[in-house]
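Values in this document were obtained by computation on a predicted structure and should not be read as measured data.
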Amino acid sequence: MLIIFDAVIFIYGVYTVYSAIKMKQTGELSSFFTGGSTQPIRDVQGYINYIYGRTIVLGAVAAVFGVVGFVNDYNIIRLPYVMKALVVLFLTVVIWFTININRAKSRFW
């Protein structure tokens, strides 16, 4: 059952990185980054520049967490201490990213 969770986290990480790169290239926001807000953004390019690198970090950590979790849960290699460290890292990055999203919304909306 945890293998499905690992796959979902990995796919989320890859999609997050893909969405950030696409957003940076096109200069358009997707609802993934606006939280479904319908209010117009004052500075779209400023918001993209602010959130781009942070989003790449979140996506990369999620993808690594998913891969290592899969390897650990599928008993390919047992990595209990690495998994504990990655859980702490992943939760820390999620909290950090949430704080940055709120800062970006107050700054650019």
Side-chain angles (χ1 to χ4, degrees):
M1 189 65 176
L2 288 177
I3 294 170
I4 294 171
F5 179 73
D6 296 332
V8 168
I9 293 293
F10 173 75
I11 291 168
Y12 169 78
V14 170
Y15 180 73
T16 301
V17 170
Y18 166 77
S19 295
I21 292 170
K22 184 178 176 187
M23 174 183 65
K24 185 76 168 176
Q25 289 175 344
T26 63
E28 297 175 3
L29 292 175
S30 69
S31 62
F32 184 76
F33 294 102
T34 61
S37 177
T38 58
Q39 296 176 352
I41 300 174
R42 290 188 319 243
D43 183 8
V44 174
Q45 197 58 43
Y47 181 79
I48 290 171
N49 291 337
Y50 181 83
I51 209 68
Y52 174 73
R54 293 160 175 86
T55 304
I56 297 292
V57 169
L58 174 68
V61 169
V64 168
F65 181 75
V67 168
V68 173
F70 181 81
V71 167
N72 185 60
D73 294 341
Y74 216 81
N75 293 324
I76 297 169
I77 301 172
R78 298 299 297 165
L79 303 166
Y81 297 111
V82 173
M83 281 305 298
K84 288 177 184 176
L86 278 176
V87 167
V88 171
L89 176 66
F90 181 67
L91 292 176
T92 303
V93 169
V94 167
I95 292 168
W96 168 79
F97 186 75
T98 303
I99 290 168
N100 279 288
I101 284 286
N102 289 333
R103 284 183 187 160
K105 284 184 177 182
S106 66
R107 185 185 267 179
F108 298 105
W109 248 271

For the side chain of Ser106 and the backbone of Arg103, is there at least one donor-acceptor N/O pair under 3.5 Å apart? yes
Hydrophobic cluster membership, Leu91 vs Leu89, 4.5 Å side-chain cutoff: yes
State which residue, out of Val8, Ile3, Ile9, fulfils the side chain to side chain contact (heavy atoms under 4.5 Å, CB included) condition with Phe5. Ile9
Cluster check Trp96, Tyr52: I/L/V/M/F/W/Y, side chain < 4.5 angstrom: no
Side chains of Met83 and Asp73: does their closest heavy-atom pair fall under 4.5 Å? no
Verify the neighbour count for atom CZ of Phe10: are there more than 12 heavy atoms of other residues, nucleotides or ligands below 6.0 Å? no
List for me each residue that meets ring-ring contact (aromatic ring centres under 6.0 Å, His included) alongside Tyr15, sequence neighbours excluded, and say none if there are none. Phe32
Set of side chain to side chain contact (heavy atoms under 4.5 Å, CB included) partners for Thr98, sequence neighbours left out: Val94, Asn102
Begin with the C-alpha distance, continue with both residues' side-chain angles, and end with the deciding distance and a verdict on side chain to side chain contact (heavy atoms under 4.5 Å, CB included) for Val87 and Phe90. CA-CA 5 Å; Val87 167; Phe90 181 67; 5.9 Å; no
Are Ile21 and Met23 close enough, and set up right, to give a side chain to side chain contact (heavy atoms under 4.5 Å, CB included), and what steps lead you there? CA-CA 5 Å; Ile21 292 170; Met23 174 183 65; over 6 Å; no
Taken to the nearest 0.5 Å, the spacing of Lys24 NZ from Gln45 CD works out to 6.0 Å
What closest approach, in Å, do Tyr47 and Ala104 show between heavy atoms, and which atom pair accounts for it? CE1-CB, 3.4 Å
Output a table of donor-acceptor pairs, distance under 3.5 Å, between side-chain atoms of residues 54-72 and any protein atom two or more places apart or on a different chain; print 'none' if there are none.
residue	atom	partner	partner atom	Å
Arg54	NE	Asn100	OD1	3.1
Arg54	NH1	Tyr50	O	2.5
Thr55	OG1	Ile51	O	2.7
Asn72	OD1	Leu79	N	2.8

